[in-house]
Structures are given as structure tokens and as C-alpha cells.
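Data block below; observations after.
Here the structure is a predicted model, which means the values were calculated and not measured.
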Amino acid sequence: LDFLVRTYDSNEDLSNRIGRTFSMMDSDDSGDLSLPELMTGLKRLPVEPRIHVSTEDIDAFFQFAGFETGDGFQVTSWIFETAIRQHLHDYAHRMITDTMLRYHRTSLDPTV
């Protein structure tokens with residue numbers, strides 16, 4: 001998620017990037033992602049280190065964003081973007097908190 005957080009310019013830009021990622025993963029151009037498409041697509045993303053996930057990881061990813069998963073679960077572009085944005089929000093919140101804590105520690109202890 002770091003590559004998305006650090007590079008988008010606006011909500012529209014982020015939506016476009018998420019949409020392009022979704023389209024790249026939608027290998028049969030159906031407008032939905034099946035579990036195999038999603039898992040294969042994640043492995044093909046041009047990021048380092050490579051992303052390797054289990055079906056349980058996929059379920060947890062979407063359940064965290066408020067979606068029920070199960071047999072035949074199809075990911076629409078709306079579900080995909082909503083889940084990505086939820087995780088980006090959580091990730092950015094953690095990064096801000098970590099930065100603030102580091103700053104607080106270094107401002108209290110000049111040897112750090």
C-alpha cells in the first residue's frame with residue numbers, strides 16, 4: 001500500500017490508479033474479480049517484495065473493509081476500491097501515528 005499512499009495526487013488520481021489495477025487483474029474482462037483472478041493479479045503487481053497471499057488473507061482483507069466473503073464471492077470494482085481505500089486509510093493512520101511517536105521520543109531524549 002505504500003506505493004499508493006506516496007504517489008497519488010488527488011481522490012480522482014487514486015480512483016484512476018485503483019481502477020487500472022482492477023482492470024489489470026480482471027483477466028477475463030468480466031467486470032468482476034474471481035478469487036483466482038485476484039490471487040494471480042496480486043502476484044503480477046509490479047511491487048517489491050512480491051505479494052503472496054492465501055485465500056484466508058483475501059477473506060480477511062475484504063472482511064476488514066466490511067464485506068462478507070465465501071463461496072462464489074466476486075469482487076466488483078466498487079468493492080475493490082472501497083476495500084483498498086479502507087486499508088489505505090488504516091495504513092496512513094498507522095504511518096502518521098508512528099511518525100508522531102518517533103518525533104515525541106526524539107524530542108524528549110536528545111540521544112535518540
Side-chain angles (χ1 to χ4, degrees):
L1 296 178
D2 192 48
F3 72 98
L4 281 174
V5 171
R6 295 182 190 272
T7 61
Y8 75 93
D9 298 325
S10 65
N11 275 325
E12 182 180 350
D13 181 40
L14 179 59
S15 288
N16 289 335
R17 290 169 186 258
I18 293 170
R20 284 194 307 270
T21 302
F22 180 89
S23 294
M24 184 270 305
M25 292 180 172
D26 186 14
S27 60
D28 64 1
D29 294 323
S30 66
D32 294 327
L33 296 178
S34 64
L35 182 60
E37 281 179 310
L38 192 55
M39 293 184 75
T40 300
L42 287 171
K43 291 176 185 174
R44 291 190 339 211
L45 286 176
V47 296
E48 290 294 331
R50 288 297 205 207
I51 298 173
H52 299 283
V53 296
S54 67
T55 56
E56 291 82 13
D57 295 329
I58 297 292
D59 285 346
F61 180 85
F62 287 102
Q63 288 170 0
F64 174 82
F67 297 102
E68 289 298 320
T69 59
D71 290 341
F73 178 65
Q74 294 285 308
V75 179
T76 64
S77 60
W78 181 82
I79 290 173
F80 187 75
E81 181 167 348
T82 301
I84 294 288
R85 283 180 175 274
Q86 177 65 40
H87 283 281
L88 283 174
H89 178 270
D90 187 58
Y91 177 77
H93 183 239
R94 284 194 316 269
M95 297 301 292
I96 290 167
T97 301
D98 288 348
T99 300
M100 290 172 62
L101 288 172
R102 263 185 271 132
Y103 173 76
H104 182 71
R105 280 195 302 265
T106 58
S107 67
L108 293 177
D109 184 358
T111 63
V112 176

- Full working for side-chain hydrogen bond (donor to acceptor under 3.5 Å, both in side chains) between S30 and D32: CA-CA 5 Å; S30 66; D32 294 327; 5.1 Å; no
Rounded to the nearest 0.5 Å, what separation is found between the [atom1] atom of [X] and the [atom2] atom of [Y]?
| X | Y | atom1 | atom2 | result |
| --- | --- | --- | --- | --- |
| L88 | I18 | CG | CD1 | 6.0 Å |
| S10 | N16 | OG | CG | 7.5 Å |
| M39 | L33 | CE | CG | 13.0 Å |

- Query: Quick one: does V75's side chain get under 4.5 Å of I58's, heavy atoms only?
  - Reply: no
- Item | Heavy-atom check, side chain of Q74 versus side chain of I79, under 4.5 Å | no
Of all the heavy-atom pairs spanning [X] and [Y], show the shortest one and how long it is.
| X | Y | result |
| --- | --- | --- |
| L38 | F80 | CD1-CE1, 4.1 Å |
| R44 | M24 | NH2-O, 2.7 Å |
| L14 | R85 | CD2-NH1, 3.6 Å |

- Which residues share a salt bridge (Lys or Arg N to Asp or Glu O under 4.0 Å) with E37, sequence neighbours left out: none
- Message: Whether the S54 and E56 side chains hold a donor-acceptor pair (N or O, under 3.5 Å, no angle test) is what I'd like checked.
- Response: yes
- Query: So, S23 versus D26: side-chain donor-acceptor pair below 3.5 Å or not?
  - Reply: no
- Decide whether L101 and I96 are clustered together by the hydrophobic rule: side chain heavy atoms of Ile, Leu, Val, Met, Phe, Trp, Tyr closer than 4.5 Å, transitively. no
